[in-house]
Number of protein chains: 2
Amino acid sequence: MSLTHIQSFVAVAEECHVGRAARRLHLTQPPLSRHILALEDELGAPLFERTGRGMRLLPAGEAFLVHARRILSEVDAAVHTVRGVVGNSGES
Amino acid sequence: MSLTHIQSFVAVAEECHVGRAARRLHLTQPPLSRHILALEDELGAPLFERTGRGMRLLPAGEAFLVHARRILSEVDAAVHTVRGVVGNSGES
DNA sequence: CCGCTGTCATGCCGAAACAGCATTGGACGC
DNA sequence: GCGTCCAATGCTGTTTCGGCATGACAGCGG
């Protein structure tokens, strides 16, 4: 599991569509599709239902989405916190 | 930035020693050293002071450590939540 | 019923990332 | 100054990864 996979998952969950999510992430559809498959494989459960017209979140996917968003914002907060500490320490 | 890098950072922060952290992660010293350097490069600030006898956390590193631990436990929680949802949905 | 379209999955290949080995460079204690 | 211990770096073989081309399948119109 990597942060890239989590970002991919969130994008697909929000778009319900691998192709659109791929464009949003400046990626192509195949690797993105593989990210989702890898995630499902690692978690041992499918996260999406493949509808033939896109992807729909399953309950397990909804549950994961909550945590996924929290992880990504925590990463963002970590980056900003470090920048803040460094910036303040050097200020007059 | 990847979850692997964050795990490496936490291990080094706790051991104050790249070699020991490497053993703990079943890894060797050079890649682990590079993980830390990559993290510092990405954050734009050093996280450790190199003491010639090991590594000591700088203030920026302490700040990052708090978030790093939270990220890792959130990932853990995400995995367990998905397993829980799947397990319960199939129970009688 | 049959092709047409739109979607995700897969086979394949070249490029990039990665881990480990060997070595260097530097700090500390004697 | 010398030996020891540490992190950093050069290098190489392997693995991972992204993109292209294609396959497999569902849904729709005729």
Side-chain angles (χ1 to χ4, degrees), chain A residues 1-62 64-65 68 71-72 75 79 82, chain B residues 1-62 64-65 68 71-72 75 82 86:
Chain A
M1 166 135 41
S2 88
L3 290 176
T4 304
H5 290 171
I6 295 175
Q7 282 177 299
S8 298
F9 168 77
V10 172
V12 171
E14 288 176 350
E15 300 284 351
C16 295
H17 192 287
V18 179
R20 276 195 299 273
R23 276 198 302 279
R24 197 169 113 185
L25 297 170
H26 305 293
L27 218 63
T28 53
Q29 176 259 324
L32 194 41
S33 187
R34 280 189 280 251
H35 289 182
I36 303 299
L37 291 171
L39 217 46
E40 293 178 325
D41 181 68
E42 186 168 353
L43 292 170
L47 301 173
F48 290 99
E49 181 191 354
R50 276 72 170 174
T51 65
R53 253 343 176 231
M55 317 268 284
R56 191 192 345 263
L57 272 177
L58 292 173
E62 305 252 21
F64 189 70
L65 181 58
I71 291 165
L72 294 181
V75 169
V79 173
V82 170
Chain B
M1 166 134 43
S2 86
L3 290 175
T4 304
H5 290 172
I6 295 175
Q7 281 176 301
S8 299
F9 167 78
V10 172
V12 171
E14 288 175 351
E15 300 284 351
C16 296
H17 192 288
V18 178
R20 278 195 298 273
R23 275 198 301 279
R24 197 169 111 184
L25 297 170
H26 305 292
L27 217 64
T28 53
Q29 176 259 325
L32 194 41
S33 186
R34 281 189 280 251
H35 289 181
I36 304 299
L37 291 171
L39 218 47
E40 293 178 325
D41 181 68
E42 186 168 353
L43 292 169
L47 301 173
F48 291 99
E49 180 192 356
R50 276 73 171 174
T51 66
R53 252 349 177 225
M55 317 268 283
R56 192 194 343 264
L57 272 177
L58 292 173
E62 304 254 21
F64 189 71
L65 180 58
I71 291 165
L72 294 181
V75 169
V82 169
V86 174

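Letters A, B, ... are given to chains in the order of the sequence lines, protein chains preceding strands, and every chain is numbered from 1. This structure is a prediction, so every number in the text was calculated from the model and none was measured.
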Trainee: Polar atom pairs between nucleotides 19-22 of chain D and protein, under 3.5 Å, N or O only, would you list them?
Mentor:
residue: dG19(D); atom: OP2; partner: Thr28(A); partner atom: N; Å: 3.1
residue: dG19(D); atom: OP2; partner: Thr28(A); partner atom: OG1; Å: 3.0
residue: dG19(D); atom: N7; partner: Arg34(A); partner atom: NH2; Å: 3.4
residue: dG19(D); atom: O6; partner: Arg34(A); partner atom: NH1; Å: 3.4
residue: dG19(D); atom: O6; partner: Arg34(A); partner atom: NH2; Å: 2.4

Trainee: Please report the interatomic distance CG(Leu72(A)) to CG(Leu3(A)), rounded to the nearest 0.5 Å.
Mentor: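 Between Leu72(A) CG and Leu3(A) CG, I get 7.0 Å after rounding to 0.5 Å.
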
Trainee: With sequence neighbours left out, what residues match Leu58(A) under side-chain contact (heavy atoms from CB on, under 4.5 Å)?
Mentor: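 Listed in chain order: Pro46(A), Glu49(A).
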
Trainee: Taking ring-ring contact (aromatic ring centres under 6.0 Å, His included) as the definition, give me every residue that meets it alongside Phe64(B), ordered by chain and number, with sequence neighbours left out.
Mentor: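 With neighbours one apart ignored, the set is Phe9(B).
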
Trainee: Can you tabulate the close N/O pairs, meaning under 3.5 Å, that link protein atoms to atoms of nucleotides 27-30 of chain D?
Mentor:
none

Trainee: Show the nearest heavy-atom pair for residues Val79(A) and Met1(B), with the distance to one decimal.
Mentor: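 Smallest heavy-atom distance, with atoms named: CG2-CE, 3.7 Å.
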
Trainee: Mind checking what makes salt bridge (charged side-chain N to carboxylate O under 4.0 Å, His left out) contact with Arg23(A), not counting sequence neighbours?
Mentor: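 Here no residue qualifies.
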
Trainee: Going 5' to 3' on DNA chain C, which nucleotide is the first and which the last to come under 4.0 Å of a heavy atom in chain A?
Mentor: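 Extent of the interface on DNA chain C: dG6(C) to dC12(C).
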
Trainee: Which pairs pass side-chain hydrogen bond (donor to acceptor under 3.5 Å, both in side chains) with one or both residues in residues 2-13 of chain B, sequence neighbours excluded?
Mentor: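 For residues 2-13 of chain B, and leaving out neighbouring residues, the side-chain hydrogen bond (donor to acceptor under 3.5 Å, both in side chains) pairs sorted by first residue read Ser8(B)-His35(B).
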
Trainee: Can you sort out the partners of Glu14(B) under side-chain hydrogen bond (donor to acceptor under 3.5 Å, both in side chains), two or more places apart, ordered by chain and number?
Mentor: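 side-chain hydrogen bond (donor to acceptor under 3.5 Å, both in side chains) check on Glu14(B) returns Arg24(B), Arg69(B).
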
Trainee: Please name all residues satisfying side-chain hydrogen bond (donor to acceptor under 3.5 Å, both in side chains) with Glu40(A), sequence neighbours left out, ordered by chain then number.
Mentor: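 In terms of side-chain hydrogen bond (donor to acceptor under 3.5 Å, both in side chains), with neighbours along the sequence ignored, Glu40(A) is linked to Arg50(A).
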
Trainee: What's the CZ-C1' distance between Arg56(B) and dC6(D), to the nearest Å?
Mentor: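 It works out to 14 Å between those atoms.
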
Trainee: For DNA chain D, find the residues of residues 1-22 of chain B with a heavy-atom distance under 4.0 Å and give them by number; none if there aren't any.
Mentor: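 Going residue by residue through residues 1-22 of chain B, the ones with a heavy atom under 4.0 Å of DNA chain D turn out to be His17(B), Val18(B), Gly19(B).
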
Trainee: For Val82(B) versus Ala60(A), what's the shortest heavy-atom pair and its separation?
Mentor: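 Looks like CG2-O, 3.9 Å.
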
Trainee: Are Leu65(B) and Leu47(B) side-chain neighbours, meaning at least one heavy-atom pair lies under 4.5 Å?
Mentor: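 Leu65(B) does not reach Leu47(B) side chain to side chain.
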
Trainee: Send over the distance from Glu49(A) CD to dC25(D) P, rounded to a whole Å.
Mentor: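 For the pair Glu49(A) CD and dC25(D) P, the rounded distance is 18 Å.
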
Trainee: Give me the atom names and distance for the closest heavy-atom approach of Ala21(A) to Leu32(A).
Mentor: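 Scanning both residues, the minimum pair turns out to be C-CD2, 3.6 Å.
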
Trainee: Write down the atom of Val18(B), the atom of Ser33(B), and the distance for their closest heavy-atom approach.
Mentor: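 For Val18(B) and Ser33(B), the tightest heavy-atom pair comes out as CG1-N, 4.1 Å.
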
Trainee: Just verifying a value: how many Å separate Gln29(B) CD and His17(B) NE2, rounded to the nearest 0.5 Å?
Mentor: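 Going from CD on Gln29(B) over to NE2 on His17(B), the span is 9.0 Å.
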
Trainee: Please list, chain by chain and in numerical order, all residues satisfying salt bridge (charged side-chain N to carboxylate O under 4.0 Å, His left out) with Arg34(B), sequence neighbours excluded.
Mentor: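 Partners of Arg34(B) by the salt bridge (charged side-chain N to carboxylate O under 4.0 Å, His left out) criterion come out as none, since no residue qualifies.
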
Trainee: Check DNA chain D against residues 35-42 of chain A and give the residues with a non-hydrogen atom under 4.0 Å, in numerical order.
Mentor: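 The stretch gives His35(A) as the residues lying under 4.0 Å from the strand, ordered by number.
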
